[in-house]
Novice: 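The structure is given below, and queries will be raised subsequently.
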Protein chains: 4
Amino acid sequence: MSRKEREREFKRSEILSAALELFAAKGFINTTLDEIAEKSEFGKGTIYNYFQNKEEIYTAIVENVFNDFLQNFRSIDLSTVTFREFTTQVIRFMFSYCFNNQAAFKVMAHKRLEVIGDTPHPFSDNIKKVSKQLNSIQTRKLEKAIENGEIKGTDSQKLIALIRGTVFSYIHHEMVCSKVQNINIDEETEYLTSIIFNGIINPAERK
Amino acid sequence: MSRKEREREFKRSEILSAALELFAAKGFINTTLDEIAEKSEFGKGTIYNYFQNKEEIYTAIVENVFNDFLQNFRSIDLSTVTFREFTTQVIRFMFSYCFNNQAAFKVMAHKRLEVIGDTPHPFSDNIKKVSKQLNSIQTRKLEKAIENGEIKGTDSQKLIALIRGTVFSYIHHEMVCSKVQNINIDEETEYLTSIIFNGIINPAERK
Amino acid sequence: MSRKEREREFKRSEILSAALELFAAKGFINTTLDEIAEKSEFGKGTIYNYFQNKEEIYTAIVENVFNDFLQNFRSIDLSTVTFREFTTQVIRFMFSYCFNNQAAFKVMAHKRLEVIGDTPHPFSDNIKKVSKQLNSIQTRKLEKAIENGEIKGTDSQKLIALIRGTVFSYIHHEMVCSKVQNINIDEETEYLTSIIFNGIINPAERK
Amino acid sequence: MSRKEREREFKRSEILSAALELFAAKGFINTTLDEIAEKSEFGKGTIYNYFQNKEEIYTAIVENVFNDFLQNFRSIDLSTVTFREFTTQVIRFMFSYCFNNQAAFKVMAHKRLEVIGDTPHPFSDNIKKVSKQLNSIQTRKLEKAIENGEIKGTDSQKLIALIRGTVFSYIHHEMVCSKVQNINIDEETEYLTSIIFNGIINPAERK
DNA sequence: CATGAATGAGGTTTCATTCAT
DNA sequence: AATGAATGAAACCTCATTCAT
């Protein structure tokens with residue numbers, strides 16, 4: 001990459017990070033281009049030299065997050081054997097990613113819910129692709145675990161969704177409701193994993 | 001209530017139910033007052049005789065749902081003893097409520113996520129109150145269960161949030177992603193409860 | 001038509017006539033909606049209660065003029081026998097129409113030229129239809145005249161276009177370049193017809 | 001002219017010819033400077049080293065065409081005696097010029113109509129001068145023809161405008177409406193001249 | 001009470017022009 | 001001289017809200 005290109009890339013990312021914070025704080029629709037322009041310290045017109053429209057800014061942000069997820073899921077996939085190990089690592093990664101990158105988490109949360117209703121921003125093809133890949137990594141790992149008896153056999157899609165939702169909700173709660181600032185990642189990971197795997201029941205009670 | 005008042009109440013609810021469907025389908029911002037007026041078969045101006053502004057329509061809808069929840073949680077609270085019984089009933093209620101009332105669920109889902117970001121529609125005082133009551137019912141039940149050893153002892157707030165999120169995510173997945181139309185409530189309730197209480201691990205593996 | 005409808009129709013025509021003058025004076029693109037709003041003494045938003053967008057205002061104007069033309073061409077068609085009579089009447093009508101309605105003429109002139117280039121406002125289906133009807137009236141009349149020897153036989157399309165262009169140009173010149181305010185319609189009609197039919201040559205010179 | 005100056009002149013003409021095609025295809029307003037820059041293979045900023053603004057590019061193009069016309073009208077003026085000879089040559093020249101240079105014709109057509117409306121691009125002083133010269137050549141020739149009985153005596157300005165408009169309209173029709181690609185210039189010239197001079201009437205009918 | 005025409009603030013987007021490199 | 005990133009004025013259009021009927 002030439003200097004020019006690097007500079008351009010840098011400015012593009014400046015805009016993205018200004019937009020990310022705004023989207024996270026106020027949602028897509030409530031964020032105006034004027035605000036993005038002001039926050040990124042560019043003129044309003046300049047933004048349009050980097051993105052075709054407001055939508056594209058949003059898509060770029062979401063794609064970045066999805067890509068980060070994919071990359072990490074892949075490496076976790078390779079470095080773990082059991083589904084429990086895999087899930088523990090995934091949860092740890094998500095805690096760490098989301099808390100270091102709260103704005104990204106919030107945008108993802110919005111995105112998740114957008115599926116509801118007449119999807120205002122249909123997933124871009126790229127996002128769909130990455131999303132499928134993410135899913136297939138989890139599914140493959142889970143199905144292997146079911147085969148070898150680690151996990152109770154059931155509809156794997158349902159279980160994946162359930163785990164994902166649980167993790168998401170938990171982070172959402174810690175970040176948004178409790179407004180926890182400093183979390184103990186190891187502890188939280190351990191706690192959440194244990195509940196997903198063993199449930200909330202008191203082990204002493206189990207027959 | 002006089003006839004006049006009943007009539008007024010009826011018309012108000014007509015507007016609310018039109019708005020509910022629209023909000024569920026398109027979200028708050030993407031729904032226009034023109035659409036609400038058309039769907040409810042009132043003039044646009046008339047709506048303003050019943051609600052001060054668009055926001056208030058939304059709030060009224062959410063309050064209705066919260067009230068339904070509160071009422072049902074209360075009766076479930078009274079009619080159950082163990083936390084597992086309680087949770088089973090709560091899950092059954094939520095499945096049934098959400099699938100009979102998908103629009104309400106979707107609005108709630110939007111609402112949940114709206115918490116993210118700087119107060120798009122701040123919770124009304126009434127909603128906050130009901131919300132607290134809901135929480136306290138669950139909390140009380142859970143803490144009793146921890147005391148008598150049914151449930152592993154932990155931060156009860158966290159656990160409540162976790163359960164709520166799990167249930168929500170699961171319904172969300174079934175309704176939105178899988179687009180399941182007819183669910184077997186008993187089966188789903190049983191499945192979800194079992195996972196929450198016992199986890200996903202294969203019981204045979206447990207030592 | 002109810003009073004309401006008549007009122008609506010009246011206001012619509014108020015907007016159209018404000019827009020007509022502006023389009024005539026400055027062309028379509030150089031006229032802003034703010035100007036139309038100001039000139040018609042409505043709010044900007046109000047305009048959008050009557051027309052979907054700026055384009056539609058323009059189209060409505062052009063359609064009106066085309067319809068006026070069609071109506072008049074039809075009645076002239078019925079009330080004349082020879083092509084010369086027909087042409088004389090058509091020219092007289094056009095003089096009178098265009099000078100009483102200079103703005104309309106100017107918009108039509110713009111419209112004619114728009115055919116050039118990547119036609120920004122493609123003719124609406126209705127305009128195309130009317131345009132064809134206008135053309136077929138003229139063509140039929142001309143072909144009859146060729147058959148019975150009144151007119152030299154040639155490509156009738158070409159001749160129609162030629163006559164139309166000549167009349168148009170002449171009016172254009174009188175109105176725009178000479179800025180004639182009061183024309184003697186009978187005289188002008190006679191002059192133009194005579195040139196179209198007999199040419200510019202001095203009859204004494206004809207062999 | 002030094003080499004530097006010649007080089008500069010060359011680049012200027014490169015820009016003009018790129019702009020000419022674009023203006024012809026899309027009109028002045030719908031052509032952006034970005035497009036001119038891209039088509040002329042210069043940077044956008046460079047264009048501003050050669051022209052003060054977009055307007056000036058347009059004016060320069062029109063001036064070029066007017067100058068071409070003037071030059072040719074002059075030589076035709078010198079090489080012909082009768083008004084019919086003169087007109088025939090002028091028509092032939094215009095056919096040939098316009099069909100070899102369709103873009104120029106289209107720009108001129110736009111320009112002609114622009115006169116309509118309150119001066120969108122006021123004629124530059126130079127254009128006005130050339131325009132007057134063109135006019136005076138035609139006028140002088142015509143008035144001589146009227147004097148010596150070739151042409152019916154009338155308002156010569158009117159007649160000049162009429163002829164010009166007729167020729168223009170005819171070319172416009174052939175080029176734009178019929179989209180004729182290869183015209184037989186001799187034939188068309190003969191046809192058009194004959195109609196201008198003798199009219200459309202069947203000579204046999206003339207008394 | 002019911003209505004819907006009128007409103008205008010506020011949103012996104014375009015593009016001629018400037019200016020630092 | 002050549003460049004193109006940066007700019008912001010100005011365009012079109014939407015829609016919550018008001019208000020006269």
Side-chain angles (χ1 to χ4, degrees), chain A residues 3-4 7-8 11-12 15 28-38 40-57, chain B residues 4 7-8 11 15 28-38 40-57, chain C residues 3-4 7-8 11-12 15 28-38 40-57, chain D residues 4 7-8 11 15 28-38 40-57:
Chain A
R3 187 178 60 78
K4 269 282 179 61
E7 242 173 55
R8 188 177 166 79
K11 288 179 189 169
R12 204 183 118 103
I15 294 169
F28 177 77
I29 296 197
N30 300 302
T31 301
T32 70
L33 259 159
D34 277 288
E35 289 168 318
I36 298 176
E38 196 187 10
S40 63
E41 294 175 85
F42 284 105
K44 203 185 340 185
T46 309
I47 311 275
Y48 283 87
N49 288 338
Y50 290 87
F51 300 92
Q52 297 226 309
N53 48 39
K54 194 182 162 189
E55 190 71 34
E56 200 177 285
I57 300 176
Chain B
K4 271 283 178 62
E7 240 173 58
R8 190 177 163 80
K11 288 180 189 170
I15 295 169
F28 177 76
I29 296 202
N30 299 304
T31 300
T32 68
L33 260 165
D34 277 287
E35 290 168 318
I36 297 176
E38 196 188 10
S40 63
E41 294 175 85
F42 283 103
K44 206 185 338 181
T46 308
I47 310 238
Y48 281 84
N49 288 334
Y50 291 87
F51 300 92
Q52 298 228 310
N53 50 38
K54 194 183 164 189
E55 192 69 34
E56 200 179 285
I57 301 175
Chain C
R3 186 177 62 78
K4 270 283 179 59
E7 242 172 58
R8 189 178 165 80
K11 288 178 190 168
R12 204 183 119 104
I15 295 169
F28 177 76
I29 296 198
N30 299 303
T31 300
T32 70
L33 258 161
D34 277 289
E35 290 168 317
I36 297 176
E38 196 186 10
S40 63
E41 293 174 88
F42 283 106
K44 204 186 339 181
T46 308
I47 310 276
Y48 284 88
N49 288 337
Y50 290 88
F51 301 93
Q52 298 228 309
N53 49 39
K54 194 182 162 191
E55 190 73 32
E56 200 179 284
I57 301 176
Chain D
K4 269 284 180 60
E7 240 173 58
R8 188 177 165 79
K11 288 180 189 171
I15 294 169
F28 177 76
I29 296 203
N30 299 303
T31 300
T32 68
L33 260 163
D34 277 287
E35 290 168 316
I36 298 175
E38 195 189 11
S40 64
E41 294 175 83
F42 283 103
K44 203 182 347 179
T46 309
I47 309 236
Y48 281 84
N49 288 334
Y50 290 88
F51 300 92
Q52 297 228 310
N53 50 36
K54 194 183 164 190
E55 192 69 34
E56 200 178 286
I57 301 176

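Every chain is numbered from 1 and lettered A, B, ... according to where its sequence line falls, protein lines coming before strand lines.
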Novice: Once you round to the nearest 0.5 Å, how far does CD1 of B:Ile57 lie from CD1 of B:Ile15?
Specialist: 7.0 Å
Novice: Would you say F:dA1 has OP1 or OP2 under 4.0 Å from some side-chain N or O of D:Thr46?
Specialist: no
Novice: Take atom CD of C:Glu7 and atom C1' of E:dA6, then tell me their distance rounded to the nearest Å.
Specialist: 13 Å
Novice: Does any nucleotide pair with F:dC15 by Watson-Crick or G-U wobble geometry, both distances under 3.5 Å, and what is it?
Specialist: E:dG8
Novice: Is any side-chain heavy atom of C:Phe42 less than 4.5 Å from a side-chain heavy atom of C:Lys11?
Specialist: yes
Novice: Under 3.5 Å for both donor-acceptor distances, Watson-Crick or wobble: does E:dA2 have a partner, and if so which one?
Specialist: F:dT21
Novice: To the nearest Å, give me how far apart CD (A:Glu35) and P (E:dT12) are.
Specialist: 9 Å
Novice: Relative to the 5' end of DNA chain E, which residue comes earlier, C:Gly45 or A:Asp34, by the nucleotide with the nearest heavy atom?
Specialist: C:Gly45
Novice: What's the CD-C1' distance between A:Glu41 and F:dG8, to the nearest Å?
Specialist: 17 Å
Novice: What's the closest nucleotide to the A:Lys44 side chain, out of F:dA16, E:dA5, F:dG8?
Specialist: F:dG8
Novice: Grab the two heavy atoms, one from C:Glu35 and one from C:Asn30, that are nearest each other, plus how far apart they are.
Specialist: OE1-O, 3.6 Å
Novice: What nucleic acid atoms does A:Tyr50 come within less than 4.0 Å of, heavy atoms only: base, sugar-phosphate, or nothing?
Specialist: sugar-phosphate
Novice: Closest approach to the side chain of B:Thr32, judged atom by atom: which nucleotide of F:dC15, E:dA6, F:dT7 is it?
Specialist: F:dC15
Novice: Write down the distance between CZ (C:Arg12) and P (E:dA5), rounded to a whole number of angstrom.
Specialist: 14 Å
Novice: Want to settle it: does C:Lys54 or B:Lys54 sit nearer the 5' end of DNA chain F, counting the closest nucleotide to each?
Specialist: C:Lys54
Novice: Under 4.0 Å, heavy atoms only, any strand: does D:Leu33 hit a base, just the sugar-phosphate, or nothing?
Specialist: base
Novice: Should F:dA10 form a Watson-Crick or G-U wobble pair with both distances under 3.5 Å, which nucleotide is its partner?
Specialist: E:dT13
Novice: How close do A:Ala37 and A:Gly43 get, heavy atom to heavy atom, and via which atoms?
Specialist: CB-C, 4.0 Å
Novice: Is B:Lys11 close enough to E:dA2 that one of its side-chain N or O atoms is under 4.0 Å from OP1 or OP2 there?
Specialist: yes
Novice: At under 4.0 Å, does any side-chain N or O of C:Tyr48 touch on OP1 or OP2 of E:dT7?
Specialist: no
Novice: Taking all atoms of both residues into account, what is the closest heavy-atom pair of D:Asn49 and D:Arg8, and its distance?
Specialist: O-NH2, 2.8 Å
Novice: Given atom CG of A:Asn30 and atom P of E:dG11, what is their separation to the nearest angstrom?
Specialist: 10 Å
Novice: Does a side-chain N or O from A:Arg8 land closer than 4.0 Å to OP1 or OP2 of F:dG4, or not?
Specialist: no
Novice: Checking only heavy atoms, does the side chain of A:Asn49 share a donor-acceptor pair with the base of F:dA6 at less than 3.5 Å?
Specialist: yes
Novice: Is it true that, when you exclude A:Glu38 itself, more than 12 heavy atoms of the residues, nucleotides or ligands shown sit nearer than 6.0 Å to its CD?
Specialist: no
Novice: Taking CZ from A:Phe51 and C1' from E:dT14, how many angstroms apart are they, rounded to a whole number?
Specialist: 18 Å
Novice: In whole Å, what is the span from the NZ atom of C:Lys4 to the P atom of E:dA5?
Specialist: 7 Å
Novice: Rounded to the nearest angstrom, tell me the gap between atom CD in D:Glu56 and atom C1' in E:dA16.
Specialist: 14 Å
